[in-house]
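Below, chains carry the letters A, B, ... as their sequence lines are ordered, and counting in each starts from 1.
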Protein chains: 2
Amino acid sequence: MKKKITIKQLAAELGVSVSTVSKSLHDSPEISKETREKVQAFAKLYNYRPNNIALSLKNKKTKTIGVIIPEVVHHFFAMVVKGVEQVAMERGYNVVISLSNESFEKEVINMETFADSLIGGFIMSLSKETLKKQDYHHIHQTIEEGMPVVLFDRTVPEINCDKVIVNDEQGALLATKHLIDQGKKNILLITTEDYISVGRLRTQGYLKALQEANIPLNNGLIIKTEDTNRSDIILPLLENELRTALKQNPEIDGIFTVNEIYAAAAMRVIREFNLNIPNDISLVCFTDGVISKYATPPLSTVNQHGTQIGIEAANLLIDRLENKIEQPKPITKVVACEIVRRDST
Amino acid sequence: MKKKITIKQLAAELGVSVSTVSKSLHDSPEISKETREKVQAFAKLYNYRPNNIALSLKNKKTKTIGVIIPEVVHHFFAMVVKGVEQVAMERGYNVVISLSNESFEKEVINMETFADSLIGGFIMSLSKETLKKQDYHHIHQTIEEGMPVVLFDRTVPEINCDKVIVNDEQGALLATKHLIDQGKKNILLITTEDYISVGRLRTQGYLKALQEANIPLNNGLIIKTEDTNRSDIILPLLENELRTALKQNPEIDGIFTVNEIYAAAAMRVIREFNLNIPNDISLVCFTDGVISKYATPPLSTVNQHGTQIGIEAANLLIDRLENKIEQPKPITKVVACEIVRRDST
DNA sequence: TATTAACACTACAACGTTTTCGTGAACTTC
DNA sequence: GAAGTTCACGAAAACGTTGTAGTGTTAATA
């Protein structure tokens, strides 16, 4: 077992001082060319690589960014992680991730653990529980301690920090309009309760699209579900509501859902009713994930560009860490949504 | 902005030495009760939390484990990450992740970056390119340097380290048997080329099941595809092969695929042929992910228990790091697969 | 020949901890 | 009253690195 070698050991081996080795490795002109080359050759030979922990301690900063997300087995969040990792890698940073599991308490603990240690800044999306509780002390404290925080997707105006958001309202507007453009007039919306900011915004987009097209609002065509992790409990309830809605409103000719899971449930019920997608009912949903892509028929979706969000967030955070942003005030970047047309519309 | 306070600052504030503060915080009996309490009160007041970097440097080890996976936007790997993160959290470790994107070069670079720094050990799954190249020098070197490595899922006998694997062969055997048990006799297999170890093992399981049931092998019923990331290119090709196979072998009454994507492609083609699932053709696939769960009909699958794999791997690695394993020889843990029965069979 | 400059290198402090080894002062013990 | 013991605390080294401030030797200058 070859343990890692330190500068001190190299120095001893070469019969020079530690400083000489350090300077040689940095190609300092203070050291003669011969010595430099000799040291570098030895370093290569022994496979010397600097100890980043010592460096971090010395420089009082680490090249590590912390990502706190509610869930990783989730297409959108995984995409964001992918984007973050990509730029982190390019810019020489490490990514440490931690999952809140949609729990407020875990989010707080994770944040404290990270802040205790090796993290230079955070990229995070709030857990549902945090949004519900509206308790953001842990984030305020972290910012107070001088760590930059970039919030994405699930953000909140009370927190004064950089943000990367998708234009949820516009995405929903596009999706609804897309249905209207196909001649659909009776569009059912499946969304979440309003405390989930993205659900609320998407609902707004839907309403706006109807308004712009002068389609009167029918509240019977809006289904709001409690948004928990327990899809096994929620979905049957949702499907029932949907059945009722379809029975009471046989004129429904389009459905827009705020996520893929709801769309999958809708597909199932539509099939039950022996209706055809897209002829009888067109279907669009938010999130361009695997469910939509591999469904039969493949679903038209609103692509949120998760990877792009991750990229923007990481660049924003690293720019802050490296003081590359003159602007002291928080910046909010908006990533546009885009309709992905497939066979369901 | 309240910067984090250090022991030194606390000591100055209290008019005692650094040692006294450190000992007080650790409740050393060497320090008088009064002093201890005073120090602790101050520490709480100033929200003192030890600097983990300094600790790591002192102790020459970090409480961080590195996870290197080919892809995070992937149900199985995300599940594993979730499992790893869960036990890491419980046992006081951080998780830093890095994505190889199925690239050999990125895998090597990532590993070196990690090894340079804050990582105590690795949990990883090899990239497809690495498997193809059969070049494992980076892993051998890491192990040589004394860092424990736990390989999962995509492992290789040439690397002598702890492993956590799913019983791919047994899973495939179960799946094929499951079809046979439904009275199906002409079972099509969609798999990958043999250099992907899991593909090869699953093919073996399929063959074994046929053999055990005394069903003669028909090579026309095995489709092997190149397994790349470019599903947009692969899938149409695959679907074509599948159409040909179905035309040439109209007796096909069951399909087993080694992943969900292939199953989604199969569903599409089956629908094209106006065949019913499961009456005309039953369908089972590996990977119990969202596609199977939300497909219509929901697919029967082989659950690989990704989270469980992550849990086992993390416990194994941390046990090694903490010398809780007397056994110096590598350990291989096998996580059993399980058939999830749904409506496609 | 004495002063200075350039060169090539070394010593040392610092980053924040922990821990071993002192060290005075008060108190026992015979 | 001398010697030992306990108590409560402090000094300093160590982890690996960097950068500032020396230091000694040789060469150039006046």
Side-chain angles (χ1 to χ4, degrees), chain A residues 2-40 42-43 46-64 92 115-120 145-147, chain B residues 2-40 42-43 46-64 92 115-120 145-147:
Chain A
K2 281 194 215 163
K3 270 279 165 201
K4 297 185 68 179
I5 197 169
T6 69
I7 284 197
K8 198 181 285 187
Q9 292 170 289
L10 267 182
E13 196 79 16
L14 282 155
V16 296
S17 77
V18 179
S19 332
T20 305
V21 175
S22 172
K23 284 172 187 160
S24 299
L25 292 173
H26 287 87
D27 252 330
S28 158
E30 223 181 315
I31 306 296
S32 73
K33 208 176 172 188
E34 305 169 74
T35 312
R36 265 185 283 165
E37 284 169 357
K38 196 170 63 179
V39 171
Q40 289 172 8
F42 256 73
Y46 284 107
N47 196 23
Y48 168 80
R49 276 169 349 225
N51 179 323
N52 274 324
I53 299 181
L55 284 179
S56 297
L57 180 58
K58 185 126 196 43
N59 303 330
K60 300 180 103 189
K61 66 180 171 195
T62 65
K63 292 209 134 197
T64 306
D116 282 358
S117 41
L118 353 81
I119 300 315
E145 283 176 356
M147 302 191 115
Chain B
K2 280 193 216 165
K3 271 279 166 203
K4 297 185 67 180
I5 197 169
T6 69
I7 284 197
K8 198 181 284 186
Q9 291 169 289
L10 267 183
E13 195 81 16
L14 281 154
V16 297
S17 79
V18 180
S19 337
T20 306
V21 174
S22 173
K23 285 171 189 164
S24 299
L25 293 173
H26 287 87
D27 252 331
S28 157
E30 224 181 314
I31 306 296
S32 72
K33 208 174 174 190
E34 304 168 76
T35 313
R36 264 186 282 166
E37 283 169 356
K38 196 169 64 179
V39 171
Q40 288 172 8
F42 256 73
Y46 283 106
N47 195 25
Y48 168 79
R49 277 172 345 230
N51 180 321
N52 274 324
I53 300 181
L55 284 179
S56 297
L57 181 58
K58 186 121 196 41
N59 303 329
K60 302 181 100 187
K61 66 179 172 195
T62 65
K63 293 208 132 198
T64 306
D116 281 358
S117 40
L118 354 79
I119 300 315
E145 282 175 356
M147 303 190 113

Short side-chain N/O contact from [X] to OP1 or OP2 of [N], under 4.0 Å:
| X | N | value |
| --- | --- | --- |
| S22(A) | dG19(D) | no |
| T6(A) | dC15(D) | no |
| K8(A) | dC15(D) | yes |
| T20(A) | dA8(C) | no |
| S32(A) | dC7(C) | no |
| K60(B) | dA14(D) | no |

Atom [atom1] of [X] to atom [atom2] of [N]: distance rounded to whole Å?
| X | N | atom1 | atom2 | value |
| --- | --- | --- | --- | --- |
| K23(B) | dG10(D) | NZ | P | 9 Å |
| N52(A) | dG16(D) | CG | P | 14 Å |
| L55(A) | dC15(C) | CG | P | 16 Å |
| K58(B) | dA12(D) | NZ | P | 16 Å |
| Y48(B) | dG16(C) | OH | P | 10 Å |
| I31(B) | dA11(D) | CD1 | C1' | 13 Å |
| L25(B) | dT17(C) | CG | P | 9 Å |

If we count only N and O atoms by modelled type, under 3.5 Å, do the side chains of S22(A) and S19(A) hold a donor and an acceptor together?
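Judged by distance alone, the side chains do not pair up.
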Just checking, any donor-acceptor pair under 3.5 angstrom between side chains of Y46(B) and E13(B)?
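Side chains of Y46(B) and E13(B): pair found under 3.5 Å.
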Between the side-chain atoms of [X] and the base atoms of [N], is any donor-acceptor pair under 3.5 Å?
| X | N | answer |
| --- | --- | --- |
| E30(A) | dC9(C) | yes |
| S19(B) | dA11(D) | yes |
| S17(A) | dA11(C) | no |

May I ask you to say what L57(B) touches in the nucleic acid, namely base, sugar-phosphate or nothing, with a heavy-atom cut-off under 4.0 Å?
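Since a base atom lies under 4.0 Å of L57(B), the category is base.
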Mark yes or no for whether N52(B), through its side chain, and L55(B), through its backbone, hold a donor-acceptor pair below 3.5 Å.
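Such a contact is absent between N52(B) side chain and L55(B) backbone.
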Exercise: identify the closest heavy-atom pair between I119(B) and M147(B):
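Minimum heavy-atom contact is O-CE, 2.8 Å.
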For residues R49(A) and A115(B), report the shortest heavy-atom separation together with the two atoms involved.
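Shortest heavy-atom contact: NH2-CB, 3.8 Å.
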